[in-house]
Amino acid sequence: METGYALIESKIADKIGDITLNNPSKHNALSTALIDELCAALEEMLLAQVRAVVLRAQEGVKVFSAGHDVRELPTNGRDPLTYDDPVRRVIRMIELFPAPVIAMVEGSVWGGACELVMSCDIIVAGDDSTFAVTPAKLGMPYNISGVQNFLNAGGMPLCKEMLFTAQPISVRRLIQQGIVSHAVPRNQLESLTRSIAEQIAKNSPLVISLLKEELRLLSAAHNLRPETFERVQAMRRMVYDSEDYQEGIRAFFEKRAPKFQGK
Ligand code: LCV
């Protein structure tokens, strides 16, 4: 079964769903329109009771996804990363999806797309792929659930290095931390990913769904007092109200390095 979308391709065959990000002229930036299609495709796959989903980009891409669509980020003093932010919405859908979602990564992955990939259950990547977590470069007040996702994905030191430097990190280092399961030459990605999906599809979908939910609950089992949460929200507000936030967005559009003043 194939379904028509403008910014992605989606098909289901043999109980395995296949979603391809397909907006190369914008490097698959995670716009609201693209995410809406991604959510709709996942919804169809849920109804079709697929046993696994593969999330990928077009074959041979230089950029897997450039992350949040920076053009959609508000510059009028509003929180740019709310609960209903499109990237948050699709990440929640992937986390709650009852079957495993496998990210098959080619090329570079940026910002919110790193979190999207890391929210997938298994990551298989081309051996030349890179991952850059960029809020510190854009002046973005990243949210607690997003940071928790990075932390759950890998070890604290690498997580901190990625967040603090905002520089692309090679897949080799993510393999060492167990964040990425396999890094293989691009021409082997498809067959390896397929064999993992097919193996999962042969196993008990009820058990897999239970295990996925148990793992999700355990990894999210941090007790945060309302007061602590509110304090972090106040810190986030200081960031998105800052001149540095405006400077980060401006620098992106002017294709130059930002000059942050810390205010
Ligand atoms: C909108 C884009 C984008 C884009 N949005 O090609 O995690 S957080 O907090 O950081 C979060 C808020 C987030 O995810 O922010 C986004 C983080 N992403 C990045 O920092 C990467 C931004 N992009 C780039 O640095 C370059 O585009 C790369 C290196 C990926 C590719 O460079 P290249 O020279 O090949 P262009 O820069 O020319 O991009 C092609 C078109 O895609 C748009 C970009 O504006 C350009 O559009 P026009 O052809 O209309 O000029 N584009 C790229 N990334 N995130 N639009």
Side-chain angles (χ1 to χ4, degrees), residues 7-8 21-38 57-58 60-76 78-91 94 103 105-120 126 128-154 158-171 174 179 232 235-242 244-258 260:
L7 304 172
I8 64 166
L21 306 179
N22 189 25
N23 190 17
S25 66
K26 296 292 178 201
H27 291 315
N28 295 326
L30 302 173
S31 62
T32 305
L34 186 143
I35 297 283
D36 283 347
E37 292 191 2
L38 206 44
Q58 314 90 326
V61 284
K62 186 180 94 171
V63 181
F64 176 85
S65 169
H68 271 82
D69 189 324
V70 177
R71 285 183 178 76
E72 292 185 355
L73 296 173
T75 49
N76 57 355
R78 295 185 63 186
D79 186 343
L81 297 178
T82 62
Y83 183 79
D84 288 322
D85 167 65
V87 176
R88 290 253 70 73
R89 275 196 287 123
V90 74
I91 284 175
I94 290 172
V105 176
E106 279 189 76
S108 55
V109 190
W110 300 84
C114 276
E115 197 197 332
L116 175 68
V117 165
M118 289 181 196
S119 74
C120 293
D128 58 349
S129 53
T130 59
F131 297 75
V133 182
T134 48
K137 196 181 79 184
L138 273 172
M140 291 291 295
Y142 221 77
N143 40 33
I144 297 186
S145 41
V147 171
Q148 176 179 281
N149 282 338
F150 286 123
L151 202 48
N152 283 339
L158 183 62
C159 178
K160 283 187 174 174
E161 184 181 332
M162 291 182 83
L163 282 163
F164 298 164
T165 66
Q167 288 304 300
I169 302 281
S170 79
V171 70
L174 274 75
I179 301 171
V232 176
M235 288 173 74
R236 293 189 59 248
R237 163 164 272 181
M238 197 183 71
V239 176
Y240 64 74
D241 277 345
S242 68
D244 280 359
Y245 173 75
Q246 302 288 339
E247 164 64 5
I249 306 274
R250 224 174 14 243
F252 174 86
F253 289 121
E254 292 169 9
K255 297 188 189 255
R256 61 170 173 81
F260 291 126

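Model, not experiment: these values are computed from the prediction. Order of listing sets the numbers, starting from 1, for every ligand and every atom in it.
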inquiry  = According to ring pair (Phe, Tyr, Trp, His ring centres under 6.0 Å), who are the partners of Phe252, at least two apart in sequence or on a separate chain?
reply    =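 Phe252 satisfies ring pair (Phe, Tyr, Trp, His ring centres under 6.0 Å) with no other residue.
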inquiry  = With no hydrogens and no angle check, just 3.5 Å: does a side-chain donor-acceptor pair link Glu72 and Ser31?
reply    =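 There is no such pair between these side chains.
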**Q.** Every residue of the protein that comes under 4.0 Å of ligand 1, judged on heavy atoms
**A.**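 Protein residues near ligand 1 are Ser25, Lys26, His27, Ala29, Lys62, Val63, Ala66, Gly67, His68, Asp69, Val70, Arg71, Trp110, Gly111, Gly112, Thr134, Pro135, Lys137, Leu138, Met140, Tyr142, Phe252, Lys255.
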inquiry  = Go through it in stages, so that I can follow the logic: the residues are Arg89 and Asp36, the test is salt bridge (charged side-chain N to carboxylate O under 4.0 Å, His left out), and I'd like the CA-CA distance, side-chain angles, deciding distance and then a yes or no.
reply    = CA-CA 9 Å; Arg89 275 196 287 123; Asp36 283 347; 3.0 Å; yes
Using the test salt bridge (charged side-chain N to carboxylate O under 4.0 Å, His left out), find all partners of Glu37 that sit at least two apart in sequence or belong to another chain.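 With neighbours one apart ignored, the set is empty.
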Separation between CD1 (Ile91) and CG (Asp85), nearest 0.5 Å, reads 8.0 Å
Here the side chain to side chain donor-acceptor pair (under 3.5 Å) pairs for residues 129-140, sequence neighbours left out, are none
